[in-house]
Amino acid sequence: MTYLFISDLHLSPEHPRLIRGFLDLLRHYQNKNTQLYILGDWFNAWIGDDYTAPWLDEIIDALKNFDASGNQIYFQVGNRDFALGQDFLKQFHGILLPDIYTLEIAGQQYRLEHGDALCTDDVAYQRFKKIIRNPYLVAFLKKTPLSFRQKLANGFRKKSRENKQQKSYEIMDVNDQAVIEALENINYLIHGHTHRPEIHPVENKLRIVLGDWREQTSEAMILEVDEYGQPHFIKWQIA
């Protein structure tokens, strides 16, 4: 059994190389009895499970083949694709995980999450997240036309880029106390979001940060955990 963890792929039709990189990853792990965990921001934006497009069909077909080979796909929402739900995942027997999920491998406890909730120093973002993730608002938006949701998503992305330019890296990174609390009664914490792949020792435990996928460097830092619970980074090359 191979446990594979990835995040922050930001797939979109505007970045076909990232899509090819993901499809190559599925083919590489196709016959390795793999549990694939995608910890958020799988897509650059997600406007609803009723969205369809040829580029997305190719991904769905590849995931169906991946599932048919006996592998399993798990997904946690991120800040860019929090509207993605079980209706989309059921096409390839994917499973939607809660925002915080504990996985046991070889007797070790792994806490999985996207990572944005750990960035408590970014007060403005946390306030915005609380509003936009309100279940009533999400339910309302799902009933609006796709064209409206697309414009809304484009506006959010533009605003996010502008806000990041005005904030320091320290504010947008995880809060140390939040990490310590997350690791309580847990051996490992695995998350993405911050785009700073690294393994950090924290009081005899480990915080593992997954890397984002980048066309500029043609690589991504992904994580494998073997059946004995040993984690190690892999530099995945994007062709």
Side-chain angles (χ1 to χ4, degrees), residues 1-9 22 24-42 63 65-79 81-82 84-86 89-90 92-120 173-213 219-236:
M1 173 71 69
T2 298
Y3 300 87
L4 180 65
F5 302 87
I6 61 177
S7 72
D8 301 282
L9 287 74
F22 177 62
D24 288 343
L25 183 80
L26 293 179
R27 283 190 287 267
H28 181 78
Y29 284 91
Q30 183 93 17
N31 300 309
K32 295 189 176 183
N33 191 19
T34 303
Q35 288 193 12
L36 172 62
Y37 292 84
I38 307 172
L39 306 190
D41 285 5
W42 186 5
L63 289 164
N65 290 333
F66 189 74
D67 167 72
S69 296
N71 305 297
Q72 183 65 62
I73 304 106
Y74 299 89
F75 172 72
Q76 284 181 315
V77 301
N79 53 293
D81 49 17
F82 62 86
L84 197 155
Q86 192 62 57
L89 297 172
K90 70 182 181 182
F92 42 85
H93 301 112
I95 297 175
L96 180 65
L97 298 177
D99 289 352
I100 297 173
Y101 181 75
T102 301
L103 172 67
E104 182 172 323
I105 305 175
Q108 301 293 302
Q109 301 294 313
Y110 289 77
R111 171 170 165 150
L112 313 180
E113 60 182 290
H114 178 57
D116 55 337
L118 300 169
C119 303
T120 56
D173 205 354
V174 298
N175 174 276
D176 290 342
Q177 186 58 39
V179 169
I180 292 173
E181 292 174 3
L183 278 166
E184 186 177 2
N185 301 320
I186 294 291
N187 306 107
Y188 299 89
L189 168 62
I190 303 176
H191 71 85
H193 183 66
T194 60
H195 300 182
R196 302 179 190 181
E198 189 64 71
I199 298 179
H200 302 273
V202 182
E203 299 182 352
N204 298 319
K205 300 178 179 182
L206 292 179
R207 175 172 73 95
I208 305 174
V209 187
L210 305 174
D212 59 322
W213 289 42
E219 65 184 28
M221 294 299 288
I222 64 177
L223 182 73
E224 261 194 29
V225 177
D226 63 28
E227 59 188 81
Y228 304 106
Q230 295 301 311
H232 59 278
F233 270 134
I234 294 175
K235 187 177 291 186
W236 181 253

Will you find, in the side chains of [X] and [Y], an N or O donor that is under 3.5 Å from an N or O acceptor?
X	Y	answer
Gln35	Gln72	no
Arg207	His191	yes
Tyr29	Glu224	yes
His114	Asn79	yes
Gln30	Ser69	yes

Side chain to side chain contact (heavy atoms under 4.5 Å, CB included) partners of Glu184, counting only residues at least two apart: none
Side chain to side chain donor-acceptor pair (under 3.5 Å) against Asp116, all qualifying residues, sequence neighbours excluded: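 If we apply the side chain to side chain donor-acceptor pair (under 3.5 Å) test to Asp116, skipping adjacent residues, the hits are Tyr125, Lys129.
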Partners passing side chain to side chain donor-acceptor pair (under 3.5 Å) against Asn33 (at least two apart in sequence or in another chain): none
Within 6.0 angstrom of [X] [atom1], more than 12 heavy atoms from elsewhere:
X	atom1	answer
Asp226	CG	yes
His200	NE2	yes
Glu104	CD	yes

Option from Phe22, Trp42, Trp236, Tyr37 for which side-chain contact (heavy atoms from CB on, under 4.5 Å) with Ile6 holds: Phe22
Leu118 side, atom CG; Ile180 side, atom CD1 - distance, nearest 0.5 Å: 12.0 Å
